Amino acid sequence: MRLFVSEGAPGTLPVLAAAGRAQGRAELLISTVGPEEHVVPFLTRPKVPVLQLDSGNYLFSTSAICRYFFLLSGWEQDDLTNQWLEWEATELQPALSAALYYLVVQGKKGEDVLGPVRRALTHIDHSLSRRSCPFLAGETESLADIVLWGALYPLLQDPAYLPEELGALHSWFQTLSSQEPCQRAAETVLKQQGILALRPYLQKQPQPSLLEGRAVSNEPEEEELVTLSEEEIAMAVTTWEKGLGSLPPLRPKQNPVLPVAGERNVLITSALPYVNNVPHLGNIIGCVLSADVFARYSRLRQWNTLYVCGTDEYGTATETKAMEEGLTPQEICDKYHVIHADIYRWFNISFDIFGRTTTPQQTEITQDIFQRLWNRGFVLQDTVEQLRCERCARFLADRFVEGVCPFCGYEEARGDQCDKCGKLINAIELKKPQCKVCRSCPVVKSSRHLFLDLPKLEDQLEEWLGKTLPGSDWTPNARFIIRSWLRDGLKPRCITRDLKWGTPVPLEGYEDKVFYVWFDATFGYLSITANYTDQWERWWKNPEQVNLYQFMAKDNVPFHGLVFPCSALGAEDNYTLVSHLIATEYLNYEDGKFSKSRGVGVFGDMAQDTGIPADIWRFYLLYIRPEGQDSAFSWTDMLLKNNSELLNNLGNFINRAGMFVSKFFGGSVPKMVLTSDDQRLLAHVTLELQHYHQLLEKVRIRDALRSILTISRHGNQYIQVNEPWKRIKGSEADRQRAGTVTGLAVNIAALLSIMLQPYMPTVSSTISAQLQLPPLACSVLPTDFLCTLPAGHHIGTVSPLFQKLENDQIESLRQRFGGGQMEESLALKAKVFPKPAAVETVTTAGPQQIQELMDEVTKQGNIVRELKAQKADKNQVAAEVAKLLDLKKQLALAEGKPLETPKSKKKK
């Protein structure tokens, strides 16, 4: 093998480091060449580094060369590493290229250099911190570490560009930089000149352009159009001329919707929202909204589609919430089911059925699957150590216990999982456990339980995954999560709990127990469908004819991709299993997390009180959908996207196209005589439409939305260049040209209205009504751009689609949802528990009020500790401490205790 490298070429760094790791595994000759030398004979431009294999083949991608060296050293590929490499190529490199160019070629410094890469550096830091691992893909160094280290080293070797607050990134970078192969690579490439060694190479490169972060402008953006062949243009024109006649007929509507032999039958589920709380924006985008976009798209494609969801109502969390609110579990379920249904109705989620799991069908289906598993030997019995609260006189289910996480030290870890590090926990492993009901310390006692024997089902699961994953659209994070569980080896999983609220266990000796919610919750899809139609088995016991798409956040992947398939495979009843598992990452709120208790973030029932229409919320959540990595809701960004992408781009184009028809042509679409430029535009729109289809068929929802905005930009540019408002006043030829431009523009607007339907259904129907689209054109999305509004078609009244969001409006909302709700809540509680005139006349409050105050004290204490740990501003800490002291006073008064006079602190 022969490795060609060039001094000062950034890509040489990771390649040499990877080669150093593989030293001795194969004979390697390293040759240094000039940056303009043509090493690969069939490439038109010079390219280094390059690895020439003994076979004569060439590898000339940095990551491909590094991968080859890692494979030589015995490394095994994994999904997480592949995700990092894709992120490095698509997200990190464009930003890093700009930063290095600014620094080395243009001589810029400080934030001008750090600005383009700050977001990428923060992402790496957050990923390392969240996983609590020293390296990107786990406990040991991987290919991803070397590729990212090599890319970042030229910049981060200068401490000025390694932000101090990114501690995990700092530690990771120093660890790798101290390794001998990395040190040798850095010395070879930079030659003790530091980053200046890159100047000769970078000066010969074209100036990089960063798309993200450009100033928002009202002017149409210049789009780089692909080169089209004459055949592609001719085909686009031929298809355009066919018009609506080329669309397939509408599918006859069924009620209920049932699979049809020979058709594409699409069954869609979104993770069942838990009934004990109100969903926030992250819950909505992670499950129901993402699934809704795909369901609406499927129907537009004339696929036979059923979209099922409902509230998950059994389990510990429901019992806990019932205690907090002084209601029965059934009353809590009834109350919150209505709240959820109202929220999703406002967000225009198009369920075929939104059901619930507290039904006879749920009991029947769950008990049947259990009996089949029991009869086939896939259920074990064992005695387990559990926490029991002697004061409450009962065993404590997972969510009735809180304590310190044994893995990361988080102080509010639940008895089943830590929300900070994400690791699953056995409740008895918690440090300093507390009963959530009475706050006493529970004791460990034995209880007999049932376990699903996952190790016994592992071979069946592996065989099924081997057939399912190739060619499927499982998201990379879902594949990685399932593979990591399998790599660690499956273990028996407890499927019963010591609760009253749940599906009863149909087995002698277990009459006082119910099934664990994560055993039977996924059966809720089946029981909800059974409530929709008594022919539910045609969907759920029909894997040959049904394509199952399941949408969720990544924390739900193990239960949908592993526990439910194992249960269904073990039951041996021909169940339909997931074909495409679509998991999002997490959506954060501004710089932190959503928190109902602290009044931080927008929750579903609050969005409708903001005055911002549901479709704007839908658009922005889908625009920032966390597909490949965590993303964050930002009020400022929402304002920018509304005012630039919706108002100035999409709304501006559609409104102008319609207004030109009304103003210049009496509301009737004019005759169109297409020039070669018009025909080329047809082909470009067709190409973008086909790209939209390709993305949505792969469930890349966020990226497909960009295609809509790109077509709209093409339309704006087309109008700007051709100026129909001027031509209409000119010669006959000019007026004819104005007619052609107007007719083509309004047809693009008609296409956009249908492409928008999955994303913004109300806006879509408004456009369709304004343009008076024929019913068929509103219900079928073509794969090619068709003339749906021929000459002579009359449109309706055209009016603006979007309103501008103002800075003061957004700032007011930011303040309202940044914690102000908590202060209002505390003020209300202060009124409920007013301070008495004299301590002697204190009367105790009821147990529910006392419990509420205890919870507030605990939460506020955690806020104070978190601020102190972060070394926050002293004034901010003091304000939060004052709130804590006030709450403690209220609690003391509610419990009837005299208030203690604070003791003055004396220096010793």
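Keep in mind that this is a model prediction, so the values were computed, not measured.
- In plain terms, the two heavy atoms of S270 and F351 that are nearest each other are OG-CE2, 4.3 Å.
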Test ring pair (Phe, Tyr, Trp, His ring centres under 6.0 Å) applied to W536 and W539, step by step:
CA-CA 6 Å; W536 64 275; W539 281 108; over 10 Å; no
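- Cation-pi geometry between K554 and Y586 is met: the NZ or CZ atom falls under 6.0 Å from the ring centre, inside 45° of the normal.
- Checked against R538 for a side chain to side chain contact (heavy atoms under 4.5 Å, CB included), the options T576, L258, T529 give a single hit: L258.
- Side-chain contact of Q330 with T328: a donor-acceptor pair under 3.5 Å is absent, judged by distance alone.
- In this structure, CG on L695 lies 5.0 Å from CZ on R700, to the nearest 0.5 angstrom.
- Within the 3.5 Å criterion, the main-chain N or O of Q362 finds a donor-acceptor partner in the side chain of T366.
- Side-chain contact check for N547 versus R264: some heavy-atom pair is nearer than 4.5 Å.
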Could you go step by step and tell me if K467 and E463 meet the salt bridge (charged side-chain N to carboxylate O under 4.0 Å, His left out) rule?
CA-CA 7 Å; K467 293 176 182 175; E463 183 183 350; 3.4 Å; yes
N542 vs E537, test: side chain to side chain donor-acceptor pair (under 3.5 Å). Steps then yes/no.
CA-CA 7 Å; N542 190 3; E537 292 184 352; over 6 Å; no
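- Using modelled atom types, no side-chain atom of Q550 and backbone atom of I582 make a donor-acceptor pair closer than 3.5 Å.
- Side-chain N/O atoms of T357 and E313 include no donor and acceptor closer than 3.5 Å.
- Take D573 and apply the side chain to side chain donor-acceptor pair (under 3.5 Å) test, not counting sequence neighbours, and it matches K541.
- Qualifying side-chain contact (heavy atoms from CB on, under 4.5 Å) partners for A271, counting only residues two or more places apart in sequence or in other chains: C287, Y525, M552, N556.
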Stepwise salt bridge (charged side-chain N to carboxylate O under 4.0 Å, His left out) check, R493 with D453
CA-CA 7 Å; R493 187 168 181 83; D453 193 352; over 6 Å; no
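- Between P543 and N574 there is a side-chain heavy-atom pair separated by less than 4.5 Å.
- Here CD1 of I624 is found 11.5 Å from CG of D630. Values are rounded to the nearest 0.5 Å.
- Every residue meeting the side chain to side chain donor-acceptor pair (under 3.5 Å) condition with Y344, not counting sequence neighbours, appears here in chain and number order: H340.
- The side-chain heavy atoms of W518 and I495, taken from C-beta on, include no pair separated by under 4.5 Å.
- Under the side-chain contact (heavy atoms from CB on, under 4.5 Å) criterion, Q361 pairs with T359, S527, A530, N531, sequence neighbours left out.
- Here the side chain of R376 pairs a donor or acceptor atom with the backbone of R372 at under 3.5 angstrom.
- A donor-acceptor contact under 3.5 angstrom links the side chains of Q381 and Y510, judged on distance only.
- For Q254, the side chain to side chain donor-acceptor pair (under 3.5 Å) criterion is met by N304, not counting sequence neighbours.
- Side-chain contact check for W474 versus L465: some heavy-atom pair is nearer than 4.5 Å.
- Considering only residues two or more places apart in sequence or on other chains, R251 meets the salt bridge (Lys or Arg N to Asp or Glu O under 4.0 Å) condition with E263.
- Of the N and O atoms on the side chains of S350 and R299, at least one donor lies less than 3.5 Å from an acceptor on the other residue.
- For the ring pair (Phe, Tyr, Trp, His ring centres under 6.0 Å) test, residues two or more places apart in sequence or in another chain that qualify with F515 are F370, F519.
- Under a 3.5 Å cut-off, the side chain of S567 and the backbone N or O of V563 do form a donor-acceptor pair.
- The backbone N or O of E402 lies less than 3.5 Å from no partner atom in the side chain of R414, so there is not a single donor-acceptor pair.
- A cation-pi arrangement is present between R706 and Y623, with the terminal nitrogen or guanidinium carbon under 6.0 Å from the aromatic centre and inside a 45° cone about the axis.
- In the model, E86 has no side-chain atom that pairs as donor or acceptor with a side-chain atom of N82 under 3.5 Å.
- When atom types are taken as modelled, the side chain of K456 and the backbone of G377 share a donor-acceptor pair closer than 3.5 angstrom.
- Counting heavy atoms from C-beta on, the side chains of L289 and L622 come closer than 4.5 Å.
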Go through the steps to decide whether F451 and V384 satisfy the test side-chain contact (heavy atoms from CB on, under 4.5 Å), and finish with yes or no.
CA-CA 10 Å; F451 290 75; V384 296; 3.2 Å; yes
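- Taking F347 as the reference, nothing meets the ring pair (Phe, Tyr, Trp, His ring centres under 6.0 Å) condition, with sequence neighbours excluded.
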In sequence, state the C-alpha distance, the side-chain angles, and the governing distance for D498 and H449, and then conclude on side chain to side chain donor-acceptor pair (under 3.5 Å).
CA-CA 9 Å; D498 288 293; H449 282 281; 3.0 Å; yes
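- L300 has its side chain within reach of I754: a pair of non-hydrogen atoms, C-beta onward, lies under 4.5 Å apart.
- With D473 contributing its side chain and K698 its backbone, the two residues share no donor-acceptor pair below 3.5 Å.
- Residues meeting the salt bridge (Lys or Arg N to Asp or Glu O under 4.0 Å) test with E627, sequence neighbours left out: R625.
- When only modelled atom types and interatomic distance are considered, D520 and T503 share a side-chain donor-acceptor pair under 3.5 Å.
- Partners of K321 according to the salt bridge (Lys or Arg N to Asp or Glu O under 4.0 Å) rule, which considers only residues two or more places apart in sequence or in another chain, are E324, E325.
- Looking at R356 and D334, a side-chain N of the basic residue comes within less than 4.0 Å of a carboxylate O on the acidic one, giving a salt bridge.
- Side-chain contact of E385 with S446: a donor-acceptor pair under 3.5 Å is present, judged by distance alone.
- The shortest side-chain heavy-atom distance between H691 and D703 does not fall under the 4.5 Å cut-off.
- Between Y297 and Y692, the two ring planes are perpendicular [angle over 60°; tilted spans 30° to 60°].
- Separation of atoms CD1 (I701) and CD1 (I285) is listed at 7.0 Å; rounding is to 0.5 Å.
- Within a 6.0 Å radius of CD in E364, no more than 12 heavy atoms belonging to other residues, nucleotides or ligands are found.
- Using a distance-only test at 3.5 Å, with no hydrogens or angles considered, no donor-acceptor pair links the side chain of D352 to the main chain of V308.
- Evaluation of the side chain to side chain donor-acceptor pair (under 3.5 Å) rule for S298 yields no partner, not counting sequence neighbours.
- Minimum heavy-atom separation, P279 to I343: CD-CD1, 3.8 Å.
- In this structure, Y336 OH and L327 CG are separated by 8.5 Å, a value rounded to the nearest 0.5 Å.
- Not counting sequence neighbours, R448 has no partner by the salt bridge (Lys or Arg N to Asp or Glu O under 4.0 Å) test.
- A distance below 6.0 Å separates the ring centres of Y549 and F294.
- Counting only heavy atoms from C-beta outward, the side chains of E319 and F400 approach each other to under 4.5 Å.
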